[in-house]
Amino acid sequence: MAKLNFGGTIENVVTRDEFPLSKAQEVLKNEVVAVIGYGVQGPGQSLNQKDNGINVIVGQRKPSKSWDKAVSDGFVPGKNLFEIEEALERATIICFLLSDAAQIALWPTVKKHLTPGKALYFSHGFGITYNHQTGIIPPPDVDVILVAPKGSGTSLRRMFLQGRGLNSSYAIYQDATGKAFNRVIAMGIAVGSGYLFETTFKKEVYSDLTGERGTLMGAIQGIFAAQYEVLRENGHSPSEAFNETVEELTQSLMPLVAENGMDWMYANCSTTAQRGALDWYGKFKAATLPVFKELYASVTTGVESQKSIDSNSQPDYRIKLEEELKVLRESEMWQAGKTVRSLRPENQA
């Protein structure tokens, strides 16, 4: 484990140089890793492990679209694809990758198969941190670990196939066997992480829920919508409004920020843009800081988690979700975006 200085704060990180794949394979050579759930994170994590030579099996309901997807991805029924209870029985490490609401529903079944010495693996701290709401309380004689890739399962898989790694956080909630550290880092390397940085279950879910509702999804959609609306109200065309609001940000500026940092991007844009950005970022920070403080408090007090549980546990959840997504999809801004994307050179016939 290396100690790195991040702006004056020392953090524990593990890189693939100090914990190479060969070491991960050695740690996991006698383990049977069962990925339960083949939805958002399941395919990427299980396929990466499979390609990395880990003895991974998938547990999924049959019949289901996810079962069929696992088959189309190369998992073979009776060999490395099983119904959930059989996979749980075979596993020594259980990767619990269902949605948070689905984890609550399946927990009694999973708990039944958590025999001493097994490891329970999460990619989200939700179920453990809010266990007063979820009821997910593991027995004391199993390891409880977490690897949380900082991106979607699709990104994890795509970057793996490109020979790259998606950074992940790791945490140990319970070390019953004395092997939890090696197990969690080996799993992090096996699923395709770049480097792994230390966190806790609580910090992971607090930062994750804040980020999703904030800059990663909720806030960015709100900011996009507000700027687009102002431009359209002042006579700008949908194409111009969308390009200045979304396309230039996502296709030009954010890749530069990802590669070199915000300071580099500022230094390599026009002097007019530099001056405007430096003058206005403080105003935007001042305007949004109270909202972020309100958001973080809602996350830490369990308000957001309870909303999620109550909403996502409803039998008509997906129908209502589709209705809400339809409003976004059919809005003028994202219809303009669809057209703009179709005009990119790579999408031209």
For the residue pair [X] and [Y], confirm or rule out a side-chain donor-acceptor distance under 3.5 Å.
X: Glu332; Y: Tyr228; value: yes
X: Ser169; Y: Glu204; value: no
X: Ser308; Y: Ser305; value: no
X: Asp143; Y: Tyr121; value: no
X: Tyr317; Y: Glu322; value: no
X: Ser123; Y: Gln45; value: yes

Do [X]'s NZ or CZ and the ring of [Y] fall within the cation-pi criteria of under 6.0 Å and 45°?
X: Lys50; Y: Phe75; result: yes
X: Arg16; Y: Tyr195; result: no
X: Lys23; Y: Phe19; result: yes

Mind checking whether [X] and [Y] sit in one hydrophobic cluster, side chains of I, L, V, M, F, W, Y counted as touching below 4.5 Å?
X: Met262; Y: Leu249; result: yes
X: Leu88; Y: Trp107; result: yes
X: Leu97; Y: Val147; result: yes
X: Val291; Y: Phe284; result: no
X: Tyr173; Y: Ile94; result: yes

Practice prompt. Test salt bridge (charged side-chain N to carboxylate O under 4.0 Å, His left out) on Lys62 and Asp68 and set out the steps.
Written response: CA-CA 9 Å; Lys62 178 187 177 182; Asp68 294 340; over 6 Å; no

Before accepting this row, confirm whether a basic side-chain N of the pair [X]/[Y] lies closer than 4.0 Å to the acidic partner's carboxylate O.
X: Lys29; Y: Glu26; value: yes
X: Glu247; Y: Arg341; value: no
X: Glu304; Y: Arg213; value: yes
X: Lys320; Y: Glu324; value: no

Over 12 foreign heavy atoms within 6.0 Å of [atom1], [X]:
X: Lys202; atom1: NZ; value: no
X: Arg61; atom1: CZ; value: no
X: Met217; atom1: CE; value: no

So, [X] side chain and [Y] main chain: donor-acceptor pair closer than 3.5 Å or not?
X: Thr92; Y: Glu31; result: no
X: Lys118; Y: Ala91; result: yes
X: Asp175; Y: Gly178; result: yes
X: Ser298; Y: Glu294; result: no
X: Thr300; Y: Tyr296; result: yes
X: Gln274; Y: Tyr266; result: yes
X: Ser313; Y: Asp310; result: no
X: Asn48; Y: Val191; result: yes
X: Thr245; Y: Phe242; result: no

Between [X] and [Y], which heavy-atom pair has the shortest distance, and what is it?
X: Leu28; Y: Ala190; result: CD1-CB, 4.1 Å
X: Thr199; Y: Ala171; result: O-CB, 3.4 Å
X: Leu196; Y: Tyr170; result: CB-CD2, 3.8 Å
X: His113; Y: Glu89; result: ND1-OE1, 3.2 Å
X: Gly188; Y: Ser193; result: O-OG, 2.7 Å
X: Leu146; Y: His124; result: CD1-C, 3.6 Å

Just verifying a value: how many Å separate [X] [atom1] and [Y] [atom2], rounded to the nearest 0.5 Å?
X: Ile319; Y: Gln314; atom1: CD1; atom2: CD; answer: 11.5 Å
X: Ile104; Y: Leu98; atom1: CD1; atom2: CG; answer: 11.5 Å
X: Glu86; Y: Leu81; atom1: CD; atom2: CG; answer: 10.0 Å
X: Asn131; Y: Thr129; atom1: CG; atom2: OG1; answer: 8.0 Å

Worksheet item: Taking the inter-plane angle between the rings of Phe201 and Phe122 on a 0 to 90° scale, is it parallel (under 30°), tilted (30 to 60°) or perpendicular (over 60°)?
Response: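 Rings of Phe201 and Phe122: perpendicular, as their planes differ by over 60°.
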
Would you call [X] and [Y] a side-chain contact if the rule is heavy atoms closer than 4.5 Å?
X: Val32; Y: Ile93; result: no
X: Val246; Y: Trp334; result: yes
X: Val58; Y: Phe82; result: no
X: Gln41; Y: Leu156; result: yes
X: Val33; Y: Asn55; result: no
X: Ile136; Y: Lys111; result: no
X: Gln335; Y: Thr339; result: no

Practice prompt. Assess whether side chain to side chain contact (heavy atoms under 4.5 Å, CB included) is satisfied between Asn268 and Leu256, documenting all intermediate values.
Written response: CA-CA 9 Å; Asn268 286 273; Leu256 296 179; 5.8 Å; no

Worksheet entry | Worked verdict on Met265 versus Glu259 for side chain to side chain contact (heavy atoms under 4.5 Å, CB included) | CA-CA 9 Å; Met265 189 271 283; Glu259 291 171 15; over 6 Å; no

Worksheet item: Could you walk me through whether Asp73 and Tyr38 pass the side-chain hydrogen bond (donor to acceptor under 3.5 Å, both in side chains) check?
Response: CA-CA 11 Å; Asp73 284 345; Tyr38 206 76; 2.7 Å; yes

Fill in: Where at least one partner belongs to residues 263-276, residue pairs that pass salt bridge (charged side-chain N to carboxylate O under 4.0 Å, His left out), sequence neighbours excluded
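Of all non-adjacent pairs touching residues 263-276, those that pass salt bridge (charged side-chain N to carboxylate O under 4.0 Å, His left out) are Arg275-Asp279.
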
Worksheet item: Where do Phe292 and Thr215 land on the side chain to side chain contact (heavy atoms under 4.5 Å, CB included) test, with the steps shown first?
Response: CA-CA 10 Å; Phe292 277 99; Thr215 58; 3.8 Å; yes

